[in-house]
Amino acid sequence: MRVMVVGASGAIGARLLPQLTGRGHEVIGTFRSPGRAERVRALGAQPVALDLLDPAAVARAVLETEPEVIIHQATALASMRFSRSLDRSFAPTNRLRTEGTDALLAAARQAGVRQFIAQSFAPYRYIREGGMVKTEDDPLDPSPPAMMRETTAAMNHLDRAVTEAGGIALRYGGFYGAPDVMTKAIRKRQYPMVGDGSGVMPFIHLDDAASATVLALDQQGPAIYNIVDDEPAPMCEWLPALAAALGARPPRRVPPWLAGLIAGQGMVTMAAESRGASNAKAKKELGWTLHYPSWREGFAASYQRGG
Ligand SMILES: NC(=O)c1ccc[n+]([C@@H]2O[C@H](COP(=O)([O-])OP(=O)(O)OC[C@H]3O[C@@H](n4cnc5c(N)ncnc54)[C@H](OP(=O)(O)O)[C@@H]3O)[C@@H](O)[C@H]2O)c1
């Protein structure tokens with residue numbers, strides 16, 4: 001198939017492009033930062049410069065390259081700084097998930113694109129009541145903490161707009177498998193355990209996220225899939241394991257009142273209450289098998305040589 005990957009030069013794009021070309025797909029890969037064309041070409045795709053926030057340029061790019069499928073993987077997190085407001089940190093990404101998604105969907109309609117797949121997110125999304133592991137049919141959080149309301153609304157918009165258009169939203173777990181802001185902070189002991197660390201996080205290795213995405217090409221939408229590993233886990237389990245895999249000292253423990261003063265109450269709430277997500281639907285319907293079914297092996301394999 002002729003596949004356009006929007007955001008091909010990012011963390012997931014770099015894993016996805018070789019898997020797509022390896023399966024015989026012809027790939028158009030978009031990038032935005034100057035100088036990224038060569039990276040996209042080296043990954044086996046035809047590079048196209050594109051700003052998703054320019055709807056006319058989006059329409060032009062899609063009409064000119066005539067993809068059969070669009071995979072929207074654009075985010076703006078590479079230079080993100082964590083702050084007390086997740087909404088402030090995520091503001092540029094939220095625009096890509098709302099305005100960017102709408103522009104791409106409009107272009108896809110105009111060009112008669114057959115299939116649309118988009119990056120969504122599973123952690124911190126589901127209702128913070130009842131079981132600790134949620135399926136796609138469980139309700140989303142109706143009252144997210146104030147510091148992440150716009151971010152949550154942007155992800156909800158993406159899920160809704162994509163599925164209403166007959167597409168597929170992939171709610172990925174927290175990516176790992178490459179150095180990122182979290183691994184850097186953990187190495188410096190700047191990522192503490194908050195309270196008893198009971199909030200649950202679903203993770204996914206970047207290679208497994210990419211393999212699920214490739215399988216979604218053969219699937220009919222509308223659909224939503226949690227693309228997470230088999231073992232959503234509380235912070236009190238995964239954080240010490242990740243620190244050990246990184247060769248870092250064990251994380252500091254911070255009482256909730258102090259974490260609230262430093263990072264804001266919203267972060268404390270999520271550290272204590274967030275839910276995990278189940279991958280049963282993705283495994284069953286996509287026929288997906290994971291190379292790293294648990295972050296336990298995945299962290300060790302990814303970071304033992306330094307990450
Ligand atoms: N599920 C998750 O946990 C999750 C999801 C996403 C990202 N992350 C993490 O966030 C960090 C940064 O992500 P990343 O490396 O993928 O970089 P990123 O800066 O988030 O960029 C992702 C892709 O979107 C493109 N892009 C950015 N702004 C755009 C715009 N206005 N129009 C069109 N395309 C645009 C980028 O192009 P350029 O490369 O040309 O700038 C890149 O191809 C990584 O550590 C990653 O693992 C985690």
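First listed ligand is number 1; within each ligand, the first listed atom is number 1. Start at 1 with the first residue, then count along the sequence.
- Nearest non-hydrogen protein atom to atom 39 (O) of ligand 1 is Arg36 NH1, 2.4 Å.
- The protein heavy-atom contact nearest to atom 44 (C) of ligand 1 is Ala11 CB, 4.1 Å.
- Annotation: Gly7 places an N or O atom under 3.5 Å from an N or O atom of ligand 1; distance criterion only.
- At least one N or O atom of Phe175, backbone or side chain, sits closer than 3.5 Å to an N or O atom of ligand 1.
- Each of the following atoms of ligand 1 lies closer than 4.0 Å to a heavy atom of Asp180: 45 (O).
- At least one N or O atom of Asp51, backbone or side chain, sits closer than 3.5 Å to an N or O atom of ligand 1.
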Evaluation steps, ring pair (Phe, Tyr, Trp, His ring centres under 6.0 Å), between Phe203 and Trp238
CA-CA 10 Å; Phe203 282 101; Trp238 67 259; 5.0 Å; yes

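- Near Phe31, with a cut-off below 4.0 Å to any heavy atom, the atoms of ligand 1 are 40 (O).
- In terms of N/O distances under 3.5 Å, ligand 1 is approached by Gly10.
- Around atom 17 (O) of ligand 1, the closest heavy atom drawn from Ala178, Gly177, Ala78, Gly173 belongs to Ala78.
- Salt bridge absent: Lys281 and Glu136 never bring a charged side-chain N and a carboxylate O closer than 4.0 Å.
- Both the backbone and the side chain of Arg32 come within 4.0 Å of ligand 1, judged by heavy-atom distances.
- Residue Thr30 has no nitrogen or oxygen atom sitting less than 3.5 Å from a nitrogen or oxygen atom of ligand 1, judged on distance alone.
- With His72, Arg39, Met182, Gln119 as candidates, the residue nearest to atom 6 (C) of ligand 1 on a non-hydrogen basis is Gln119.
- Ionic pairing of Glu237 and Arg296 is present here: one or more N-O contacts between side-chain nitrogen and carboxylate oxygen are shorter than 4.0 angstrom.
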Run the ring pair (Phe, Tyr, Trp, His ring centres under 6.0 Å) check on Phe299 and Tyr176 step by step: do they pass?
CA-CA 8 Å; Phe299 286 170; Tyr176 72 91; 4.9 Å; yes

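- At a 4.0 Å heavy-atom cut-off, ligand 1 does not touch Leu206 at all.
- On a distance-only criterion, Leu77 and ligand 1 share at least one N/O pair closer than 3.5 Å.
- Taking every non-hydrogen atom of Leu52 and a distance limit under 4.0 Å, the qualifying atoms of ligand 1 come out as 30 (C), 32 (N), 33 (C).
- Using a 4.0 Å cut-off between heavy atoms, Ala209 makes no contact with ligand 1 at all.
- With Ser120 as the partner, the side-chain hydrogen bond (donor to acceptor under 3.5 Å, both in side chains) test is satisfied by one option alone out of Asn226, Asp159, Thr163, Asn156: Asp159.
- Using a 4.0 Å cut-off between charged side-chain N and carboxylate O, Glu68 and Arg2 make no salt bridge.
- Nearest protein heavy-atom contact of atom 36 (C) of ligand 1 is Ser9 OG, 4.0 Å.
- For atom 21 (O) of ligand 1, the closest non-hydrogen atom on the protein side is Thr75 O, 3.1 Å.
- Residue-ligand proximity, Gly174 to ligand 1, at heavy-atom distances under 4.0 Å covers atoms 3 (O).
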